[in-house]
Amino acid sequence: MRFEDEVGRALRLTAGAYSTEQRLLAERALARGRRRVARRRIAVAGGSAMAAALVAVAGVQVGGSGDGGGRGNPAATSGSDHDYRRFSVTREEIQNILSNGMGRAGVATAYPELKAAGSSGPDRPATASFDFGDGWGRARVTLSVRRVDPAQPGLKKLITCPPRAGSPYEECTTQSDNRAVKGYTEAGKAGGIKKWAVTMLSPQGYVIDVATYNIPSASPSPSSSSSSSSSWETAHPGVRVTPRATAPSHEPAPPLSRNPRMNPGKLRYLAMFVDASFTGAGEPNSFGTVTPGSRPEPGDILPVLKSLLPKRLHIYSEGGTGADGHVVVVDPDKGYTTYIQAVRTAGDKEFWSQTLPDGTKVGTRRTAGEQPGVIELRADALRVNGLWMSLTAYNAPSPTSKKRGAEPAITLDELKAMAVSRAWLLAR
C-alpha cells in the first residue's frame, strides 16, 4: 500500500468519529494532499511521458468524460457512460415500466391484461402490450424500446413527419425529440382500427415507440377477463381499476369509429416516463421497475436527487421526506462544501424565463443567501402535467450556515439540467 493510501485510510477512519463539519475538513485536507502528490509525480516524469499525459488529460476534458458528468441525466452524462452495444431488460421489468407509466399517465383501466418480452442485446427490442377496458370497450397500448446510437444516420427520419401529400397519417406533429401521429392501421381505410402513436429518440440511446388502439389484440372471454382482473388486483394492490359489466355474448361489438382513449399528450408523457426508466448504460433503473401499486418509501425524492448529482461530488450527509430531499456534498478538487435540496412544490412565486419544446417552463436565478458571502442558486421546472420541481444550492453546509467556498460546488447550468430531468417523473 502506498504512503498516501495509508494516510487517506487513516484520515477516513478518524473522520468517521467526528461531526459532519469535521469530516468535511478532513476530506478537504485529504484532497489537498492528493493534489500535492500528483504535482510531485508530474514533476519527476520525463518529457515524453509528460507530453503523453497532457495529451491524454486534454482528450478526456474535451471529450467530457471526466468530472461533471451526471448520473441518470442525459443532459449531463459523459460519453463513457454510454455503451450502445449493451441492452439488458427482463420481461418483468419492461412489463412493470409500462404498467407504472399507464398509472402515472392518469388512465383508468379495467381488467388489464399484459404481455411482454425482454431483451438481452441491441439487435432485438423489448416489447410490452397492455389490453384494458376503457369504459367504451376494450383498448390496447403497446410499447417498444430499442437500443441505438443517437448519432446513427437516418434515425432523425423516425421522428420527422413526412410531407402532407401522400402521408399515411391523418395528422402528424413533430417536436424536438419525438413525432406523434394519428391514423388507421390500414392507411386511408376509414372505419378501420385506429392507431395513434408517438416515436421518441432518447439522447440516452433508445428509440421508444408507444401506440394506442381502439381495439385490443384479441377480445377475451368473460371468464378469462374476470380471472385476469382478480389476479392483477391481488398482485398489484392500489392500482386504479374500474369495474365494468360483462356484455352478453349476443351484444354487437362497439363500432370501430371511436377514438382511442389515450390522446397524443398522454402518449408523450408515457414515452417520457419510459425514457426516464432507463439509464445511459443500457439497463432499467430501480425507479421505473418497482412493483405496480407498491407504496413509495418515505424519502422517495432523495434517491432521484442522488442519481442526478454530477459524479465529481462526494455525498457526506443526506435526508428528506416524501416531498423533498437534500444532500451535503464536497468537491474533492476544489474543497467546496455545498448544500443541495430538491422540493416538489406548488403555488410558489413564478419566475419562468424559458419554455422547452415539450412545454416545460424553466426558471433560474442567483441571489444572496442569509449569511455574508453565501450564494443561493435556484432552478425550477414546471411540467405540463403539473409537476413542479425546485432545486436550490448553497455554498455552505446548510442554508443558514457560513460560507464554505467562494461558489457552490455545482453550477447553475448543472442545477437546471437536474431540474428538467425526466427522472423526476418516476418519483412517487
Side-chain angles (χ1 to χ4, degrees), residues 58 60-82 150 175-177 202-205 272 275-276 279-280 301 304-315 324-345 348-369 373-383 387-396 399 403-425 427:
V60 169
Q61 295 298 328
V62 171
S65 60
D67 292 341
R71 292 187 296 272
N73 185 0
T77 47
S78 64
S80 61
D81 290 337
H82 296 79
Q175 292 189 356
S176 62
D177 64 347
S202 166
Q204 295 192 102
M272 288 190 291
D275 182 24
T279 72
I301 289 288
V304 178
L305 171 61
K306 291 166 62 177
S307 74
L308 296 174
L309 290 172
K311 290 181 179 178
R312 68 177 182 277
L313 302 180
H314 293 185
I315 300 174
D324 69 87
H326 69 264
V327 293
V328 176
V329 299
V330 164
D331 185 336
D333 292 332
K334 297 181 179 179
Y336 292 171
T337 302
T338 297
Y339 178 93
I340 303 174
Q341 182 178 35
V343 178
R344 184 192 289 126
T345 186
D348 201 354
K349 184 177 180 181
E350 300 183 2
F351 57 100
W352 313 120
S353 57
Q354 180 185 9
T355 300
L356 302 182
D358 64 0
T360 301
K361 296 180 179 179
V362 183
T364 59
R365 68 186 184 191
R366 176 190 174 102
T367 57
V374 172
I375 299 169
E376 176 188 316
L377 303 180
R378 178 170 172 177
D380 284 26
L382 175 61
R383 295 190 175 275
L387 176 63
W388 186 342
M389 292 304 305
S390 178
L391 274 73
T392 52
Y394 302 84
N395 56 329
K403 72 172 184 177
R404 290 291 181 84
E407 293 282 336
I410 189 170
T411 67
L412 192 56
D413 285 341
E414 289 174 323
L415 204 65
K416 173 184 172 183
M418 292 170 62
V420 302
S421 172
R422 289 172 178 168
W424 298 113
L425 297 173

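Not a single salt bridge (charged side-chain N to carboxylate O under 4.0 Å, His left out) links D413 to another residue, sequence neighbours left out. Every side-chain contact (heavy atoms from CB on, under 4.5 Å) that A409 has, sequence neighbours left out, goes to L313, D331, Y336, T338. Remark: S390 pairs with T345, R378, D380 by the side-chain contact (heavy atoms from CB on, under 4.5 Å) rule, at least two apart or across chains. Legend: residues meeting side-chain contact (heavy atoms from CB on, under 4.5 Å) with A342, ordered by chain and number and at least two apart, are I301, L305, M389, L391, W424. Applying the ring-ring contact (aromatic ring centres under 6.0 Å, His included) rule to Y339 yields the partners H326; only residues at least two apart in sequence or on another chain are considered. With sequence neighbours excluded, the residues forming a side-chain contact (heavy atoms from CB on, under 4.5 Å) with L412 are T364, L377, listed by chain and number.
When all heavy atoms of V374 and K403 are compared, the pair lying nearest together is CG2-N, 3.7 Å. In terms of heavy-atom proximity, G405 sits nearest to N395 at O-ND2, 2.9 Å. Summarising the geometry of A379 relative to A419, their closest heavy-atom pair is O-CB, 3.8 Å, with the distance given to 0.1 Å.
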Item to complete: In sequence, state the C-alpha distance, the side-chain angles, and the governing distance for T360 and L382, and then conclude on side chain to side chain contact (heavy atoms under 4.5 Å, CB included).
Response: CA-CA 6 Å; T360 301; L382 175 61; 5.8 Å; no
Practice prompt. Might you work through the side chain to side chain contact (heavy atoms under 4.5 Å, CB included) test for I315 and L309, ending with a clear yes or no?
Written response: CA-CA 9 Å; I315 300 174; L309 290 172; 3.6 Å; yes
Worksheet item: What's the verdict on side chain to side chain contact (heavy atoms under 4.5 Å, CB included) for I340 and V329, showing C-alpha distance, side-chain angles and the deciding distance?
Response: CA-CA 8 Å; I340 303 174; V329 299; 4.0 Å; yes
Discussion item. Run R312 and D333 through side chain to side chain contact (heavy atoms under 4.5 Å, CB included) and show every step you take.
Written reply: CA-CA 8 Å; R312 68 177 182 277; D333 292 332; 5.6 Å; no
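The side-chain heavy atoms of P203 and D177, taken from C-beta on, include no pair separated by under 4.5 Å. Between R404 and Y394, the closest side-chain pair of non-hydrogen atoms is not below 4.5 Å.
No hydrogens or angles considered: nothing links the side chains of D358 and Q175 as a donor-acceptor pair under 3.5 Å.
Taken from NZ in K361 to CD in E350, the straight-line distance is 6.0 Å, to the nearest 0.5 Å. Within the model, atoms CG of L356 and OG of S176 stand 8.0 Å from one another, a figure rounded to the nearest 0.5 Å. To the nearest 0.5 angstrom, T411 atom OG1 is 3.5 Å from E414 atom CD. The distance from atom OG of S202 to atom CE of M272, rounded to the nearest 0.5 Å, is 12.0 Å.
The backbone N or O of D275 sits less than 3.5 Å from a side-chain atom of Q204, completing a donor-acceptor pair.
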